[in-house]
**Student:** 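Structure in structure tokens, see below.
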Amino acid sequence: MSTESQDYQILVVDDERDIRDGSERILTRKGYRVTTASNGEEALQRVGETRFAIVLLDLKMPGMDGLEVLRLIRESHPETLVIVITGYATIETAIEAMKRGAYDFMPKPFKPDQLRIVVDRAIELKQLTDEAKRLQEERQRTLKDLHLEQSRTRTVIRALPDGVMVTTPDAHVALMNPACTRLISLTGEFQLGEHIQHYVKDESFCDLVTRTSRGEVPVDQTSLTYEFSMEGDKYLRVDSTTISSEEGECLGAVTVVIDITGLMVLDRLKSEFVAKVSHELRSPLSTIHEQLAMVLTKLVDDTPDDQRYLLSRAKEKTHGLITMIGDLLDLSRIESGSVIRDRKPVDVSAILTGVVDFLRSKATGKKQTLTLTLPEQALPPVSADPQSLEIVFGNLITNAIHYTGEEGRVEVSATTGDEQVRVTVKDNGFGIEERHQERIFERFYRVKDDNTRYITGTGLGLPIVKGIVDDLGGSIELDSVPGKGSMFTVVLPLS
Ligand code: ADP
């Protein structure tokens with residue numbers, strides 16, 4: 001922002017009225033604001049009242065000596081430029097005045113143009129120095145703001161209860177807050193700047209941070225997550241995000257480390273509780289179910305229909321509860337890891353044949369066609385627990401039968417290749433809308449629409465299937481079109 005000439009005040013000090021009035025007129029016409037004084041005392045008084053940019057000072061005046069006035073003005077207002085004017089101009093007085101800090105010197109008599117040139121030059125200097133001063137102040141302010149901002153951010157990061165680690169593209173640690181060093185159990189003196197492996201023992205943690213630091217994150221993901229246990233029963237979750245510049249250049253990664261020990265303990269307690277309650281409920285419920293079945297078979301012919309209906313509903317509901325308890329116990333077993341404890345080479349063809357045979361009557365009951373297609377050459381064995389594979393395929397084929405209308409088709413087939421065995425369960429049933437496709441693998445999630453309204457279930461079948469397949473190192477894929485049908489594909493690794 002430049003300053004205009006009218007923003008500058010000029011004081012003309014001269015005992016000669018003509019000079020005072022003439023100078024005032026010339027300078028006012030140029031847009032300057034001008035004040036006059038006829039002697040030294042008056043000049044000092046004006047200088048005390050107003051901030052003048054320039055003082056035009058006559059050196060020879062009655063009363064106070066001009067050089068003394070110059071000295072006092074320079075002392076009290078060093079930023080004011082003093083231009084000395086005198087009729088008795090000599091080199092000596094000029095030198096003396098300059099020595100005492102005068103900015104310029106003008107002999108009397110002077111022409112209007114001379115005055116204008118000298119004053120304009122002084123004002124130009126004033127403008128330049130003012131601008132330089134403003135820039136300097138601004139720079140200092142910016143530096144101060146930056147410093148304040150940096151120290152604020154540093155304080156916040158230091159105070160965070162979660163660990164924060166910043167790494168360069170080659171996975172060298174640039175920053176670690178105290179929570180991070182505590183969580184990864186880093187003790188004693190250490191220097192930042194080394195590769196992550198220097199500070200963290202867990203290899204997968206280091207791999208993950210190395211990958212995100214290099215920007216090797218799958219396109220559909222913003223960060224990579226990993227959970228692991230440290231010695232001393234501590235569980236940590238690591239969330240690492242690649243940081244890129246606006247131009248898309250990878251700058252490294254920010255990794256957040258969170259202590260999830262409490263959550264893990266809570267999860268284990270919850271699972272244990274569910275397993276215990278389920279176990280306790282299973283026997284009495286089975287007894288009630290058997291007794292209801294017995295009562296129903298022994299009912300005499302003249303028992304009213306409504307009583308017969310109520311009893312068979314009670315038997316159905318009890319059966320539903322027993323199924324749910326079975327599913328919950330399966331889930332607990334999967335969570336505790338006992339499902340894959342009894343691994344041995346398993347012939348998937350034999351398991352599929354057994355399950356399909358067992359479920360054929362269910363399909364026939366709905367006039368459905370249930371087929372099993374196996375490759376001509378025997379499937380190579382997979383390493384699994386046979387019972388857990390029966391649970392997987394039993395659930396998928398039962399679902400296909402349940403969620404397909406009368407006279408539909410359910411096709412089961414198995415193939416091998418690429419060190420894998422692939423089993424598909426395909427139906428031409430109701431299909432699953434896109435928005436439900438991920439959620440049906442969540443516990444207790446069931447699709448509620450006109451097709452499924454009267455189909456009973458627990459919403460635990462697919463989470464069990466997924467839990468087992470994951471534990472076996474495999475995967476499950478779903479391809480489904482509402483109104484056309486669904487295809488679940490289970491991929492199991494051979495070793
Ligand atoms: P449940 O069958 O006990 O409800 P699942 O976890 O096995 O529980 O299935 C969850 C939901 O997924 C079902 O309620 C159903 O809506 C849907 N589903 C599963 N398999 C199929 C299928 N083959 N066709 C259509 N919908 C299905």
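Read the numbers this way: they start at 1 and go in the same order the structure lists the ligands and their atoms.
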**Student:** Determine whether the side chains of D449 and T452 contain a donor N or O and an acceptor N or O closer than 3.5 Å.
**Tutor:**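 Result is yes, a qualifying pair exists.
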
**Student:** For atom 4 (O) of ligand 1, grab the closest protein heavy atom and report residue, atom and distance to one decimal in Å.
**Tutor:**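 The closest heavy atom on the protein side is R446 NE, 2.4 Å.
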
**Student:** Pairing donors with acceptors under 3.5 angstrom, does anything connect the side chains of S213 and T167?
**Tutor:**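 Note: S213 and T167 side chains meet the donor-acceptor criterion.
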
**Student:** Output the list of atoms in ligand 1 that are nearer than 4.0 Å to some heavy atom of V447, sorted by atom number.
**Tutor:** 14 (O), 16 (O)

**Student:** Strictly by modelled atom types, are S413 and T373 linked by a side-chain donor-acceptor pair under 3.5 Å?
**Tutor:** no

**Student:** If you count the atoms of ligand 1 from 1 in the order shown, which ones are under 4.0 Å from a heavy atom of G461?
**Tutor:** 5 (P), 6 (O), 7 (O), 8 (O)

**Student:** Which residue holds the protein heavy atom closest to atom 23 (N) of ligand 1, what is that atom called, and what is the gap in Å?
**Tutor:** D427 OD2, 2.9 Å

**Student:** Hey, are the side chains of Q127 and Y8 touching, using non-hydrogen atoms and a 4.5 Å cut-off?
**Tutor:**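 Side chain of Q127 against side chain of Y8, heavy atoms only: contact under 4.5 Å found.
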
**Student:** Hey, does T458 come in under 3.5 Å of ligand 1, counting only N/O atoms on both sides?
**Tutor:**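 The answer is yes, given that T458 and ligand 1 share an N or O pair closer than 3.5 Å.
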
**Student:** Less than 4.5 Å apart, any side-chain heavy atom of L236 and any of L183?
**Tutor:**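 Yes, their side chains come closer than 4.5 Å.
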
**Student:** Considering only the protein, which heavy-atom contact is closest to atom 10 (C) of ligand 1, and what is its distance?
**Tutor:** Y445 O, 3.4 Å

**Student:** Looking only at protein heavy atoms, which one is nearest to atom 7 (O) of ligand 1, and how far off is it?
**Tutor:**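 For atom 7 (O) of ligand 1, the nearest protein heavy atom comes out as N399 ND2, 2.8 Å.
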
**Student:** A side-chain contact here means heavy atoms from C-beta on lying under 4.5 Å apart; do L352 and V412 qualify?
**Tutor:**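 The answer is yes; the side chains approach within 4.5 Å.
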
**Student:** What distance separates K426 NZ from R409 CZ, expressed to the nearest 0.5 Å?
**Tutor:** 9.0 Å

**Student:** Within a strict 4.5 Å, meaning less than it, do heavy atoms of the V254 and M165 side chains meet?
**Tutor:** no

**Student:** Check whether any heavy atom of G485 sits under 4.0 Å from an atom of ligand 1.
**Tutor:**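 Checking ligand 1 against G485, which is what was asked, there is no heavy-atom contact under 4.0 Å.
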
**Student:** Is there a heavy atom of G459 sitting under 4.0 angstrom from any atom of ligand 1?
**Tutor:**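 Checking ligand 1 against G459, which is what was asked, there is a heavy-atom contact under 4.0 Å.
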
**Student:** Kindly indicate whether the side chain of R360, heavy atoms from C-beta on, has any atom under 4.5 Å from the side chain of D357.
**Tutor:** yes

**Student:** D207 and Y226: side-chain donor and acceptor closer than 3.5 Å?
**Tutor:**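 No, no side-chain donor-acceptor pair sits under 3.5 Å.
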
**Student:** Relative to ligand 1, is F441 under 4.0 angstrom through side chain, backbone, both or neither, heavy atoms considered?
**Tutor:** neither

**Student:** Among all protein heavy atoms, pick the one closest to atom 12 (O) of ligand 1 and tell me residue, atom and distance.
**Tutor:**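 Among all protein heavy atoms, the one nearest atom 12 (O) of ligand 1 is I440 CG2, 3.3 Å.
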
**Student:** What's the shortest distance from atom 5 (P) of ligand 1 to any protein heavy atom, and which residue and atom give it?
**Tutor:** L462 N, 3.6 Å

**Student:** For atom 18 (N) of ligand 1, state which one of F430, F444, Y403 supplies the nearest heavy atom.
**Tutor:**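 Looking at heavy atoms only, Y403 sits closest to atom 18 (N) of ligand 1.
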
**Student:** Looking at P463, which atoms of ligand 1 are within less than 4.0 Å of one of its heavy atoms?
**Tutor:** 6 (O)

**Student:** List every atom of ligand 1 that sits less than 4.0 Å from any heavy atom of G457, numbering the atoms from 1 in the order shown and giving each element.
**Tutor:** 3 (O)

**Student:** Please state which part of L396 comes within less than 4.0 Å of ligand 1, counting heavy atoms only: side chain, backbone, both or neither.
**Tutor:** neither

**Student:** I'd like the name of whichever of N451, I455, I432 reaches closest to atom 26 (N) of ligand 1 through any heavy atom.
**Tutor:**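 Going through N451, I455, I432 one by one, I432 has the nearest heavy atom to atom 26 (N) of ligand 1.
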
**Student:** CD of E203: more than 12 outside heavy atoms within 6.0 angstrom?
**Tutor:** no

